[in-house]
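Notes for the one structure printed next.
Predicted, not measured: the structure shown is a model, and the values here were computed from it. Heavy atoms only: backbone and side chains are in, while hydrogens, waters and symmetry mates are out.
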Amino acid sequence: MFGGQRQMEYNFDHIEKKWIKIWEEKRTFHAHIKNDKKKFYCLVMFPYPSGRIHIGHVRNYVIGDVIARFKRMKGFNVLHPIGWDGFGMPAENAAIDKGIHPAKWTKDNIEHMRSELKRLGISYDWERELATCDEEYYKWNQWFFLKLLEKGLAYKKKSFVNWCQRCQTVLANEQVIEGKCWRCDTTVEQEKLDQWFFKITSFADQLLDDHRIIQKGWPQRVLVMQKNWIGRSEGIMVNFKFQNKDFPIFTTRPDTIFGVTFMALSPEHPVVEEIIEQSSKKKKEEIIKFLNKVKKEDIEKRRSGEYEKEGVFTDLYVINPLNNDKIPLYIANFVLMEYGTGAIMAVPAHDQRDFEFAKKYKIPIKVVIQSEGKQLNPDKMKEAYLEKGIQVNSGSFNGLDNCQAMQKIMDFIEKKDLGKRTINYRLKDWLISRQRYWGTPIPVIYCKKCGLVPVREKDLPVRLPEDVKFSHKGGSPLARTELFIKTICPKCGGEARRESDTMDTFVDSSWYYARYTSPNETTLPFNKKNITYWMPVDQYIGGIEHATMHLLYARFFYKIIRDLGLAEGDEPFINLLTQGMVIKEGAKMSKSKGNVVDPDKFINKYGADALRLFILFASPPEKDLDWTDKGIEGTSRFINRLWTFINTHIKRIESIPNKNLNPDDLIDTRKELFILLNQTIKKVTDDIENDFHFNTAIASIMEFLNALSKFVYKSETDLILLKLALKNMLLLIRPFAPFISEELGHHKAFDLNDQPAWPDYDKNFVRFDSYTMIIQINGKVRGKITAPLGLSEDKMKELALSDPGTQKWLKDKDIEKVIPIKNKLVNIVVKS
RNA sequence: GCCGGAGUGGCGGAAUUUGGUAGACGCAACGGACUUAAAAUCCGUCGGUUGUUUACAACUGUGUCGGUUCGAGUCCGACCUCCGGCACCA
């Protein structure tokens, strides 16, 4: 083969290149609709083309590939696509720093990363590859935007938004992690800007309720994270009276409404300005001083629980509509403008925050829920009382338990037209405007005469101009590009200007999975026949970090796709696997720590199969994986052992006729080997199908090779058995290490075709007919004997008690009880 | 603070589904074979303690304490630690 002493060595480089070429030429992994086969859509989260594949990608894509290859062997018609999340800021930063155009930078990166993925031997249908920065793709982002605009689900509003100074753009709530930008870690500031939003809040209930559909297929923690993120809470909007006008506030505790002793406004509340105008000079100064103080304190601090609650009295009062109490109105730093109406009714006796504030400003505390155990005295309370109890000081509701009173009070409020039951969400509308160049232009035009005019569908796409100036100064490059901005109003033909904001890149990734079903469709985002056949995604695999961003947006978008009549079904991803991170020396990989693992280096040194095997073997997929440079040597050795072992026997096997062997004729070690083969097939199949525990699947294949290596093959029966074992082993290893499996499988000794079927095991031969019976004395293992399977409990007792090895433990002892567990053990309970 | 998840050899991890031989498989380490030598490869040892010339034997051991059980890494209760998410959401 390669001559000389090295003949046996596995030349992975040559072999891997050979098979990559063959797969491509034969279009082995190209998917198309087959009505006689069950479909299986296996999807991995597409990468951002940052320049190089990193080890986290490798893990994600290898896991996806194992599932795709396995399902193909199981007879499914598998769709396994890949593409590029092409828009985003690093491309633009490269343009600013190095003067490379974002389009070129992105294209070059894709070229490189594509070749890296091919080297890994991932079985993608490359004919469906897409990049979101291609105009054939982003055209449909714009199309969706117009549809959302038509439906009133896209709107523009001036509001406080999260602003990242470094990125010079706004961020969605989900992209602010602990007060910092999710990309660059800069502290996020609040700016009041006119921005585009998608009305995801209209779908809050659906997003929550449809968890039911994906309950079984998604990790519990992702569902919990989404549930918390959506943050549904049921309550009531109550109209308090302020200067003879309705002043609504939201509460989830209407049972405490008789205990309101002050009201507090968020410092950003619009009414605050009116109040200032009305105030005396002295009060005006006091309020402005307070507002300035709040403004200076950064948002991160303000949102933390340790922040001291402070406020200022406005000298004004509101009226509690239930008892007409006159209630002092404060402006307080702990009230959030983004939640409810930006104003709260404060009940110090039954809310800890209100309690702290009241103590500080000596506001009265009024108990309205009395504990049944101990009597609450407002003067002596150390903290708010949050438990259940009996209503007091609550007019006609006195004496009810507070849970009942909750409903009765709400009924009363609604009957008297003082308010309305409401559901409030923590979830905010999705801010999609970005003041950047490398994204999808938002397709609207501003005309002096006609106002806001959507671009006509037939004029799509609104193309990104190529000739644009990038600078360190920040600000939107599109806004500075007159050639792009200046346009003609589609309505009146007069002079008009284009929107210069581009879309958040999460818009791109909200529907790419559906585009894969019809990547070349030109009249609609996707072809109905294709999407109906392939969707939903049967298995989605990606990082946990997208739990509340991408995975929420994509679910939202699919509901819109459904409502537009473009697809059926409510959920895009039926099963989700969130793989753990790849870490090194207990720490997240990062350039600054210098612990980044370069996959190319390991492919060059050990080959793709060895890398694939190690990354699967080191840990189950959902757990973090601790990378060690040495670990891969183990799987590399295994591949070489497999190669050497098969090559030393292949000549002898080759001439063995393809005879079926009758397992009933096998005895002794041959029978053991045969049973081990069946056990291994069962174990590997179960591990893949039940919980994707590829690490134990691979371990059992290793064990099987170890067992095969110890056996001496002499007779023809031995060789038939060996041939059978090896053929099956090549099939079992195929999803994990496809290259060596193909290379050896195509040898005429095995003659496997391009798409061989996953092996079955013989149910009659997964167990031996005898087993090791454990003998315990008082629960401790004291002996092991071989017993036939299915031995009766009485016989087991007999056998255990007569075993010579156990006698010394039974000497001078009284046997109290003997507990036999069929086909397992006998426990003898003794007393001395 | 609230909500999740996890604690097993020097290390990654198995066994947790259904209570029944703890430590599969691999890494590292150590000993041996081959070699002039090294690498590679192959064979062997490998939780701890104690005893024995050895084969071996006993005790102990799955974060801590307690419980249930003939029997607990696995079930129950309390606690400790670590990781992740959310965090003044009215």
Side-chain angles (χ1 to χ4, degrees), chain A residues 5-6 8-9 177-178 219-229 231-233 235 249-253 256 264 302-309 332-336 338-347 350-354 356-357 424-428 544-545 547-548 580-581 586 613-614 617-620 622-635 637-638 640-641 644 683 686 690-691 693 695-706 709 772-784 816-821 823-830:
Chain A
Q5 278 203 314
R6 307 220 130 204
M8 281 302 199
E9 197 158 296
I177 314 291
E178 289 170 356
Q220 208 51 38
R221 62 174 176 152
V222 176
L223 295 173
V224 170
M225 277 189 224
Q226 289 201 346
K227 192 177 166 215
N228 292 340
W229 192 263
R232 178 189 154 106
S233 52
I249 57 92
F250 175 76
T251 181
T252 54
R253 292 295 304 276
T256 64
R302 210 180 137 191
R303 285 192 185 185
S304 79
E306 291 125 57
Y307 187 67
E308 198 189 346
K309 291 170 184 57
N333 62 357
F334 70 94
V335 183
L336 304 174
E338 314 94 80
Y339 191 78
T341 61
I344 57 157
M345 64 173 221
V347 187
H350 306 292
D351 183 288
Q352 188 57 28
R353 296 156 296 182
D354 301 348
E356 286 166 30
F357 192 85
N424 232 306
Y425 298 95
R426 190 186 162 277
L427 181 72
K428 292 281 151 313
I544 185 76
E545 65 274 17
T548 52
M581 278 187 308
L613 275 179
F614 176 66
F617 177 70
S619 165
E622 71 279 4
K623 279 184 69 169
D624 283 352
L625 184 154
D626 206 344
W627 177 271
T628 58
D629 290 356
K630 281 276 181 196
I632 191 172
E633 289 181 15
T635 51
R637 277 198 278 266
F638 168 70
N640 278 299
R641 263 207 311 277
T644 312
K683 171 82 177 146
D686 291 351
N690 296 346
D691 44 18
H693 280 186
N695 55 332
T696 49
I698 293 166
S700 66
I701 299 173
M702 288 174 169
E703 281 180 78
F704 190 49
L705 179 63
N706 291 346
S709 312
T772 306
M773 191 177 96
I774 303 300
I775 302 168
Q776 296 184 333
I777 314 286
N778 289 345
K780 285 189 182 171
V781 180
R782 296 301 185 192
K784 296 171 190 182
E816 285 200 332
K817 225 195 291 188
V818 181
I819 302 156
I821 305 293
N823 297 337
K824 256 185 192 143
L825 56 76
V826 175
N827 190 11
I828 304 167
V829 185
V830 297

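Using a distance-only test at 3.5 Å, with no hydrogens or angles considered, no donor-acceptor pair links the side chain of A/N695 to the main chain of A/A618.
Between the side chain of A/N827 and the base of B/C70, a donor-acceptor pair under 3.5 Å is found. If you check distances only, the side chain of A/Q220 never reaches the base of B/G5 with a donor-acceptor pair under 3.5 Å.
Pair assignment for B/A6: B/U81, on the basis of Watson-Crick or G-U wobble contacts that are both within less than 3.5 Å. Base pairing annotation: B/A24 forms no Watson-Crick or G-U wobble pair, as no partner gives both donor-acceptor distances under 3.5 Å. Across all strands shown, B/C89 remains unpaired; no Watson-Crick or G-U wobble contact has both distances below 3.5 Å. Of all nucleotides present, only B/U60 satisfies the Watson-Crick or G-U wobble test against B/G47, with each distance under 3.5 Å.
Comparing B/G4 with B/A78, their P atoms are spaced 14 Å from each other, to the whole Å.
Between B/C70, B/U21, B/A90, one nucleotide has an atom nearer to the side chain of A/I819 than all others, and that is B/C70. Closest contact between the side chain of A/L336 and the listed nucleotides B/C89, B/U60, B/A15 involves B/C89. Checking B/A90, B/G13, B/C59 against the side-chain heavy atoms of A/R782 singles out B/C59 as nearest. For A/R426, whose side chain is taken as the heavy atoms from C-beta onward, the closest listed nucleotide among B/C27, B/U60, B/A87 is B/A87. When the nucleotides B/A14, B/G20, B/C25 are ranked by their closest atom to the side chain of A/Q776, B/G20 comes out on top. Picking from B/C25, B/G4, B/A28 the nucleotide with the shortest atom distance to the side chain of A/E703 gives B/C25.
Counting non-hydrogen atoms under 4.0 angstrom, A/R221 reaches the backbone sugars and phosphates but no base.
Distance, A/L705 CG to B/G26 P: 9 Å, rounded to whole Å.
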